[in-house]
Amino acid sequence: MSFYFTLNTGSSSVKFALYKAQEEPDLFLTGRIERLGPSARLIMDVPHERVVRELGAIDHASAVVSILSKIEPYLEDKQIIGIGHRIVHGGRAFFKPEILTSQVIQELEQLIPLAPLHQPYSLATIRAAIQAFPGVVQVGCFDTAFHVGHTFVNDAFAIPRHFYEEGVRRYGFHGLSFDYICGEMRKRYPEVADGRLVIAHLGNGASMCGVEGGRSINASTSFSAVDGLPMGTRCGRLDPGVMLYLMQEKGLSAEEITSLIYLRSGLLGLSEESSDMRVLENSEELFAKQAINYYTYQVRREVGAMAASLEGIDALIFSAGIGENSARVRSSVCEPLEFLGITIDQEKNKANAIEIGTGSVRVFVLPTNEEQVIARAVAEVSPKTQ
Ligand code: ADP
């Protein structure tokens, strides 16, 4: 038996998984290094056990080396025959998984200005993995890929045209998650899978996607993964005039605004308490309640916008940490949407049942699995190249 290895690089964490290498890869172990920087920590779920280790100071490249040393005992005499990477930005050129040749890596470097907070980390992880496994096929899976092919109105901003040609476009993110959900819908509910789906990926990062015929039509994130819905610490849609005010009247630098909109806004900024929905749901503070209300209102508004862009809606799907677990958020989003044909069974909703809708629009709660999408991509590519 051999393994596929997946790496999912975030700005402050690297998630990883080992899959038994077969046509439908089978999860063997999973884990993450979080708090990358001065006090990183490894959490790994191996068969029958959870391993937690404090690692001290670690950056993205050394995280890969550290992960490999921790998983080595579980490999025994088996080999890693393919490695898959989640890559935030694939621009318009990469619309499917790609083998990471040096030319592809060079092209990805060109995209750093489009995702300066994420792309360099993905590239650092890729380089470290290539160094550790020379000769093993490395596959890039792009968060933007699922959204390639949007029509002009869902792809452009109304600024002078040449910026569009230069790449200032609505790329859209979280594509691996939406791709997984569409696959699950095809498997479990083929009668609705090709219809008009609105998928709400509500995790620490949050975004929505309108899908028809299994293809992305519209995304709530756009040029960067900060647009659209409010998130744990990201602001979501923001009047550009606010940015001008912060720069011109408050004297904030580009770095300060970056930190403000990516790290200090969203649920955290509104509540002044936490970015974590569980904490806010348990809080008695007014700001926490207002933060949840703002959040659910924006999700609801986006359902309406997506339904209009799809000219109707056949199914609404909730996914990721909040979408899969928060009955309160799902209920607040759905209750006022009865006019669209969206109604839910409160008991099923409280139980996080897979299908909770009772109206003409079917409503689902489906766990997402981005790693599985990456492992499948490696499975598709590696047998042909080994
Ligand atoms: P990431 O984007 O980091 O993968 P997740 O998909 O794990 O994030 O989502 C994290 C979010 O899910 C947090 O806001 C967390 O509070 C929320 N969450 C997890 N479990 C619950 C729950 N039982 N009730 C409400 N929110 C939850």
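Throughout, numbering of the chain's residues begins at 1 and tracks the sequence. When a ligand or atom number is given, it counts from 1 through the structure's own listing order.
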Task: Salt-bridge contact Arg278-Glu281 (side-chain N to carboxylate O under 4.0 Å) - done: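 Salt bridge absent between Arg278 and Glu281.
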Open item on the list: Tell me whether Asp155 is salt-bridged to Arg170, with the criterion being a basic N under 4.0 Å from an acidic carboxylate O.
Closed with: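 The answer is no: the pair does not qualify as a salt bridge.
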So which heavy atom in the protein is nearest [atom], and how far is it from that ligand atom?
atom                    : value
atom 4 (O) of ligand 1  : Lys15 NZ, 3.1 Å
atom 20 (N) of ligand 1 : Asn325 ND2, 3.5 Å
atom 8 (O) of ligand 1  : Asn204 N, 3.1 Å
atom 14 (O) of ligand 1 : Met277 N, 3.1 Å
atom 6 (O) of ligand 1  : Gly321 N, 2.9 Å
atom 15 (C) of ligand 1 : Asp276 OD1, 3.5 Å

TODO: Using the rule that two of Ile, Leu, Val, Met, Phe, Trp, Tyr join whenever any of their side-chain heavy atoms come within less than 4.5 Å, decide whether Ile112 and Phe142 are in one cluster.
DONE: yes
Task: Donor-acceptor under 3.5 Å (Arg330 side chain, Glu324 main chain) - done: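 Side chain of Arg330 to backbone of Glu324: a pair is present.
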TODO: Answer yes or no: does an N/O atom from Arg278 fall short of 3.5 Å to an N/O atom of ligand 1?
DONE: yes
Open item on the list: With a 4.0 Å cut-off on heavy atoms, is Gly232 in contact with ligand 1?
Closed with: no
Open item on the list: Taking a cutoff of less than 4.0 Å between a non-hydrogen atom of the residue and any ligand atom, is Glu324 in contact with ligand 1?
Closed with: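 No.
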Task: Centroid-centroid under 6.0 Å between Phe28 and Tyr74 rings - done: no
Task: Distance flag, aromatic centroids of Phe173 and His89, threshold under 6.0 Å - done: yes
Open item on the list: Side chain, backbone, both or neither: which applies to His201 and ligand 1 if a contact is any heavy-atom pair less than 4.0 Å apart?
Closed with: neither
